[in-house]
Amino acid sequence: MFNERLSLIAGILTDETGSDDAFLTEGGEHADLASTIAFSLAKQRKAAPQKIAPEIATQIRDRIKSEAGADVTVSGPYLNFSFTDDYADKAVLAAIKPEFGYLGASQQRTVLEHTSANPNGPLHVGHIRNTVIGDTLARCFRKAGRKTEVQYYVNDMGRQIAIVVWGFNRFNMPLESREKGDHHVASVYIDANRDLKEDPSLTAEVDRLMQLVEAGDPDTVRHFRAAVTLCLEGFRVTLDDLNAKHDRFVWESDFIRNGDTGRVIARFDRLPECRHEETLNLDLTSCGFEKSYVLRRSDGTTVYAARDIAYHIWKGRNFDRMIDVLGADHKLIGAQLSAALRLLGEKAPEIVFFEFVSLPEGSMSTRAGKFISADELITQVKKKAFQEVTTRRPELPDEEREKIAASVAIAAIRYDIVKVSAEKATVFDWDEALDFERQSGPYIQYAHARACSILEKAGEFKTVSRVSMPTEVALAKQIGKFPYILERVITDLKPAYLATYARDLADLFNAFYHAEPVLKADGAERDARLTLVLASQITLKTVLETLGIDAVRSM
RNA sequence: GGGCGUGUGGCCUAGUCUGGAUAGGGCGGCAGCCUCCUAAGCUGUAGGUCGGGGGUUCAAAUCCCCUCACGCCCGCCA
């Protein structure tokens with residue numbers, strides 16, 4: 001479809017002009033594709049671009065037509081390419097096939113790590129930015145046909161967890177029957193931190209726990225595991241609510257127990273960059289880092305970084321492509337991790353960083369209890385969605401409305417997050433979270449439900465594609481772009497592209513819906529429009545699924 | 001102090017990597033559209049020269065330099 005024609009035209013342009021770049025861009029309102037190659041050739045040919053453009057057009061016209069299925073026109077210095085009439089029809093028919101979006105066989109195996117929040121309290125609105133970005137990327141990889149394993153790296157032996165365990169030992173705080181495990185852990189963690197702040201001498205007790213757990217003291221290990229498991233059970237519920245799925249939870253402590261961390265330290269030990277001071281640390285100044293990179297504390301325990309390196313070596317050896325989704329606060333340690341891995345001659349991960357979500361009153365903090373939990377967000381948005389559904393569809397039974405509301409709520413939450421570029425810091429806003437209009441997930445779901453409704457009423461029809469009206473052509477062309485967008489997402493690791501695409505697709509479907517009657521059309525025109533509706537419905541459904549949003553048939 | 005990121009109409013945001021044709025959307029405002037396939041919809045309208053300044057270029061929101069503002073990071077925390 002779009003991507004095939006793009007590369008064909010680019011090939012002909014570079015081939016015929018001798019330029020190594022085709023200077024192709026999307027043509028916007030002017031054409032399907034446009035090239036500014038005449039500008040770049042102006043110098044070497046010593047002629048005005050307006051003069052060169054028609055010459056190139058004449059030269060390539062026949063090949064472009066026969067090989068790439070496009071017409072060339074000249075507008076001043078610009079070369080415009082318009083796909084021939086059959087393009088839109090082919091796009092419509094391609095979308096109806098089951099393999100739509102599949103980018104071809106690839107043996108490449110990808111491991112994608114996301115969320116990996118510390119198990120010291122519930123996931124909050126900042127953590128789920130990680131979840132939504134990661135899960136959407138994973139869905140894109142899979143839709144494109146890439147084998148992908150999604151992992152959650154469980155930090156089960158850090159200081160924060162030691163504080164939680166210490167808190168459990170100190171307070172007698174039974175889990176109330178209705179309380180989620182992760183929320184319970186947070187209350188223990190918050191209280192423990194308060195006490196540690198009041199009496200810093202207690203910190204020694206936490207240090208002791210960390211030494212014991214690393215040494216493998218059975219009782220301590222059991223306590224750590226119990227606390228982390230309790231929190232993780234809560235996470236699983238939240239992640240499940242968000243339609244986010246991990247294939248594997250990898251426990252950090254396993255890299256101590258299986259000896260990997262020890263072996264990593266031994267390998268570093270042989271490097272000239274390794275320094276034995278009170279701590280065992282790496283001198284990364286040659287890689288541009290001022291501070292030394294500590295791997296083992298003076299008390300003999302390893303730091304997070306050492307275990308993380310062991311984890312990444314394991315991933316790098318078992319997968320071709322290794323992707324981590326991390327908060328922007330991890331930029332420095334991410335760079336240090338990569339540098340350390342390269343020193344050992346191991347593969348470094350591709351890291352997708354996202355900026356923070358803050359509250360209007362400031363940044364979030366689990367320790368201070370200053371956060372909006374994902375569970376609370378989901379509850380509130382569901383409540384609002386239920387009201388909306390009830391207003392619009394009062395005739396539906398309660399369970400039906402509940403079900404739609406749940407899907408609408410997750411659509412609103414996931415879309416709100418994924419539509420914003422990861423590098424943009426955001427401020428959480430309840431009004432925005434509860435808005436289901438226009439640039440929202442429910443808006444796209446609505447376009448899909450509309451298409452379903454039409455198809456349901458249509459009954460049998462013949463599958464033929466014959467788009468002609470402007471809104472039909474625009475819609476069909478947008479449908480044909482889906483594989484191209486998918487490819488860009490997994491290349492650039494920017495799931496926001498898919499959100500923009502989905503919105504444009506819904507816009508174009510709505511425009512068509514308002515401009516051209518479908519069920520009231522006659523004969524062949526009715527069949528053709530129904531086929532376009534079917535292609536739209538399938539594409540919308542595919543895109544929604546790839547965004548992790550339920551493609552509800554009615555709402 | 002150093003590093004990284006962000007700065008686009010009242011608010012939110014796309015485009016910035018790969019410089020090109022009048023800077024796209026949404027919210028809010030204003031004016032319209034439900035005897036026609038779900039109005040979570042559609043149409044029209046007002047509002048921006050892309051933080052500021054310099055530079056490169058035929059061409060800059062996009063590249064370079066300086067500068068301001070905001071965020072994040074610079075632990076024997078994770």
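Here is how names work: the chains are called A, B, and so on, in the same order as the sequence lines, proteins then strands, and each is numbered from 1. Both backbone and side-chain heavy atoms feed into the values below; hydrogens, waters and symmetry mates do not.
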For A:Gln445, report the nucleic acid contact type (base, sugar-phosphate, nothing); a contact means any heavy atom under 4.0 Å. nothing
Given B:rU13, is OP1 or OP2 found less than 4.0 Å from the side-chain N or O atoms of A:Lys424? no
Kindly label the base of B:rC34 as syn or anti, based on whether its glycosidic torsion lies within 90° of 0. syn
Can you tell me how far C1' in B:rA59 sits from the matching atom in B:rC36, rounded to whole Å? 49 Å
Within the structure, does a side-chain N or O atom of A:Ser421 lie under 4.0 Å from either OP1 or OP2 of B:rG15? yes
It should be established whether A:Asn510 places a side-chain nitrogen or oxygen under 4.0 Å from OP1 or OP2 of nucleotide B:rC42. yes
With distance as the sole test, does A:Arg401 use its side chain to make a donor-acceptor pair with the main-chain N or O of A:Phe386 at under 3.5 Å? no
Using the C1' atom in both, what is the distance from B:rA61 to B:rG51, to the nearest Å? 12 Å
Which part of the nucleic acid, if any, lies within reach of A:Val303 when heavy atoms closer than 4.0 Å are counted: base, sugar-phosphate only, or nothing? sugar-phosphate
A:Tyr443 vs B:rG25: side-chain N/O to OP1/OP2 distance below 4.0 Å: no
Considering every strand and a 4.0 Å limit on heavy-atom distances, what is the contact class for A:Tyr513: base, sugar-phosphate, or nothing? base
Say we look at B:rG71 and B:rU8: how far apart would their P atoms be, to the nearest angstrom? 15 Å
Taking CG from A:Asp435 and P from B:rU13, how many angstroms apart are they, rounded to a whole number? 14 Å
Using the C1' atoms only, state how far B:rG1 lies from B:rC17, rounded to an integer number of Å. 29 Å
Got a donor-acceptor pair under 3.5 Å from the side chain of A:Ser298 to the base of B:rC76? yes
Between A:Glu214 and A:Arg297, is there a salt bridge with N-O shorter than 4.0 Å? no
Under 4.0 angstrom, heavy atoms only, what part of the nucleic acid is A:Thr36 near: base, sugar-phosphate, or nothing? base
Start at the 5' end of RNA chain B and walk down; is the nucleotide closest to A:Glu290 or to A:Val389 reached first? A:Glu290
Between B:rG44 and B:rG26, how far apart are the two P atoms, rounded to whole Å? 10 Å
The side chain of A:Glu278 lies closest to which of these nucleotides: B:rA21, B:rC42, B:rC76? B:rC76
For A:Val533, report the nucleic acid contact type (base, sugar-phosphate, nothing); a contact means any heavy atom under 4.0 Å. nothing
Would A:His30 pass as stacked on B:rA21, i.e. its ring centre under 5.5 Å from the base's six-membered ring centre and planes under 30° apart? yes
Taking the P atom in each of B:rG10 and B:rG5, what is the distance between them to the nearest angstrom? 28 Å
Select base, sugar-phosphate, or nothing to describe what A:Asn80 touches, counting heavy atoms under 4.0 Å on all strands. base
Would you please classify the geometry between the A:Phe512 ring and the A:Phe509 ring as parallel, tilted or perpendicular, with 30° and 60° separating the classes? tilted
Under 4.0 Å, counting only non-hydrogen atoms across every strand here, what does A:Ala34 touch: a base, just sugar-phosphate, or nothing? base
For A:Phe356, answer base if it contacts any base atom (sugar-phosphate contacts may also be present), sugar-phosphate if it contacts only those atoms, and nothing otherwise; contact means non-hydrogen atoms under 4.0 Å. nothing
Could you measure between the two P atoms, the one in B:rG24 and the one in B:rU49, and give it in whole Å? 14 Å
Looking only at side-chain atoms of A:Tyr497, point me to the closest of B:rG15, B:rG41, B:rC4. B:rG15
Report yes if a side-chain nitrogen or oxygen of A:Arg297 is closer than 4.0 Å to either non-bridging phosphate oxygen (OP1 or OP2) of B:rG75; otherwise report no. no
Would you kindly give the CZ-to-C1' distance between A:Phe224 and B:rA78, to the nearest whole Å? 13 Å
Between the OG1 atom in A:Thr531 and the CD atom in A:Glu472, the distance rounded to the nearest 0.5 Å is 10.5 Å
Can you confirm whether more than 12 heavy atoms, excluding those of A:Lys384, are under 6.0 Å from its NZ atom? yes
Should the heavy atoms of other residues, nucleotides or ligands under 6.0 Å from CZ of A:Arg208 be counted, would the total exceed 12? no
Point-to-point distance, once rounded to the nearest 0.5 Å, from CD1 of A:Ile351 to CG of A:Asp324: 5.5 Å
For B:rU13, take OP1 and OP2 only and decide whether either is under 4.0 Å from a side-chain N or O of A:Arg503. no
Base, sugar-phosphate, or nothing for A:Ile161, non-hydrogen atoms under 4.0 angstrom? nothing
Within the structure shown, what part of the strands sits under 4.0 Å from A:Arg307 by heavy-atom distance: base, sugar-phosphate, or nothing? sugar-phosphate
What contact category does A:Ser554 fall into here, base, sugar-phosphate, or nothing, at under 4.0 angstrom with non-hydrogen atoms? base
Contacts of A:Pro49 and A:Ile404 projected onto RNA chain B by closest heavy atom; the upstream (5') one is A:Ile404
For A:Asp269 and A:Ile265, indicate whether the former's side chain and the latter's backbone hold a donor-acceptor pair under 3.5 Å. no
Separation between the P atoms of B:rC64 and B:rC70, rounded to whole Å: 24 Å
Using a 4.0 Å heavy-atom cut-off across all strands, classify A:Gln50 as base, sugar-phosphate, or nothing. nothing
